[in-house]
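Counting begins at 1 with the first residue of the sequence. All of these numbers come straight from a predicted model, not from anything done at the bench. Both counts, for ligands and for their atoms, begin at 1 and track the order of listing.
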Amino acid sequence: MKVVGDRIYLKLIFFGTALAGKTTALEWIFYHVIPDEMKLVKELRQVKTSFGQTLLFDFAPIEISQNVVTRMFSATGQDYYKGTRTKVLGGSDGIFIVIDSQKEQLDNNLKILRELWKCQQEMEGLADAEIVVLYNKNDLEEIHSMEFLQEYLGLERHEGFSTCALTGHNLEDALIAMLKKLTARLQAGGFDVE
Ligand SMILES: Nc1nc2c(ncn2[C@@H]2O[C@H](COP(=O)(O)OP(=O)(O)O)[C@@H](O)[C@H]2O)c(=O)[nH]1
Ligand SMILES: [Mg+2]
């Protein structure tokens, strides 16, 4: 959280393995959930490789109330960009963990979660970040159930939603859950959230 003048800046990030659906989820939220008057830019800012994968990050600033601005990022999942990923993670107030529910991705999810828990221990402030989990690609056949993934990946204590980023299924609810947690935290800290 950054306070500049009478404005509070919150940082939200979508974190997960490559191709889990981070960019798709952020795009859907930006274009279908956020009302135009809240958007501080008209288009999502993206830096993509020639294969359409996110190179650095996707970025969208949104004014959720008169004095609170939420900046949403999606961190790239490729191992190659590990250094960038930790930079994007730094200072996050809220983390959407995007799990690729496909069976073949089980170990990749576990691997990237271990990395996240490690970053949380090592990076200042990150341990307090609010977490909401998206169990994504719930429209596909060869997937594990949300219940199985919660237990196997050790995510039971975090609020989770079974999502499809292509159709936006449950994404609005997940965003609302996150904003409620952040608003409660701001109010507990004595900030006005109008
Ligand atoms: N079937 C299905 N495909 C998805 C879903 N979410 C993302 N995808 C697809 O998965 C691929 C990778 O998505 P992308 O958002 O670029 O992944 P990122 O690397 O996490 O940003 C794209 O082809 C998306 O269309 C989903 O919920 N269901
Ligand atoms: Mg991406």
Chemist: Who gets closest to atom 1 (N) of ligand 1 by heavy atom: Thr23, Asp139, Thr24?
Modeler: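 Comparing heavy atoms across Thr23, Asp139, Thr24, the nearest one to atom 1 (N) of ligand 1 lies in Asp139.
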Chemist: Which of the numbered atoms in ligand 1 are below 4.0 angstrom from a heavy atom of Ala165?
Modeler: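 Counting atoms of ligand 1 from 1, those under 4.0 Å from Ala165 are 6 (N), 26 (C), 27 (O).
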Chemist: If we ignore hydrogens and angles and just use 3.5 Å, is the side chain of Asn136 paired with the main-chain N or O of Ala20 as donor and acceptor?
Modeler: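 Yes, because the side chain of Asn136 sits within donor-acceptor range (under 3.5 Å) of the backbone of Ala20.
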Chemist: Does atom NZ of Lys103 have more than 12 heavy-atom neighbours, drawn from other residues, nucleotides or ligands, at distances under 6.0 Å?
Modeler: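 It does: Lys103 NZ has more than 12 such atoms within range.
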Chemist: Going by the order shown, which atoms of ligand 1 are within less than 4.0 Å of some heavy atom of Leu19?
Modeler: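 Answer for ligand 1: 10 (O), 12 (C), 17 (O), 18 (P), 19 (O), 20 (O).
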Chemist: Polar-atom distance check: Ser74 versus ligand 1, any N or O pair below 3.5 Å?
Modeler: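 Such a contact does not occur with ligand 1.
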Chemist: Report the part of Asn138 (side chain from C-beta onward, or backbone N, CA, C, O) that has a heavy atom under 4.0 Å from ligand 1; answer both or neither where that applies.
Modeler: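 Under 4.0 Å from ligand 1, Asn138 contributes no heavy atoms.
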Chemist: Less than 4.0 angstrom from a charged side-chain N to a carboxylate O is my criterion; do Glu159 and Lys181 meet it?
Modeler: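 Yes, Glu159 and Lys181 are salt-bridged.
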Chemist: Give the atom numbers and elements of ligand 1 that come within less than 4.0 Å of a heavy atom of Lys22.
Modeler: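 Close to Lys22: 15 (O), 17 (O), 18 (P), 19 (O), 20 (O), 21 (O).
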Chemist: Between Asn138, Asn170, Asp139, which is the residue that forms a side chain to side chain donor-acceptor pair (under 3.5 Å) with Ser162?
Modeler: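 It is Asn138, the one option of Asn138, Asn170, Asp139 that forms the side chain to side chain donor-acceptor pair (under 3.5 Å) with Ser162.
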Chemist: Leu113 pairs by side chain to side chain contact (heavy atoms under 4.5 Å, CB included) with which of Thr17, Ile99, Asn108?
Modeler: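 Passing option: Ile99.
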Chemist: Would you verify whether the NZ or CZ of Lys22 falls within 45 degrees of the ring axis of Phe15 while also being under 6.0 Å from that six-membered ring's centre?
Modeler: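 That pair does not qualify as a cation-pi contact.
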Chemist: Between the Mg ion (ligand 2) and Thr24, is there an N, O or S atom separated by less than 2.8 Å?
Modeler: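 Coordinating: no.
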Chemist: Is a side-chain N or O of Asn67 found less than 3.5 angstrom from the main chain of Asp6, in a donor-acceptor match?
Modeler: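 Side chain of Asn67 to backbone of Asp6, a donor-acceptor pair under 3.5 Å: no, none is there.
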Chemist: Work out whether the distance between some heavy atom of Ala20 and some atom of ligand 1 is less than 4.0 Å.
Modeler: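 Heavy atoms of Ala20 do come under 4.0 Å of ligand 1.
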Chemist: Could you tell me whether Ala25 and ligand 1 have an N or O pair separated by under 3.5 Å?
Modeler: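 Among all N and O atoms of Ala25, none is under 3.5 Å from an N or O of ligand 1.
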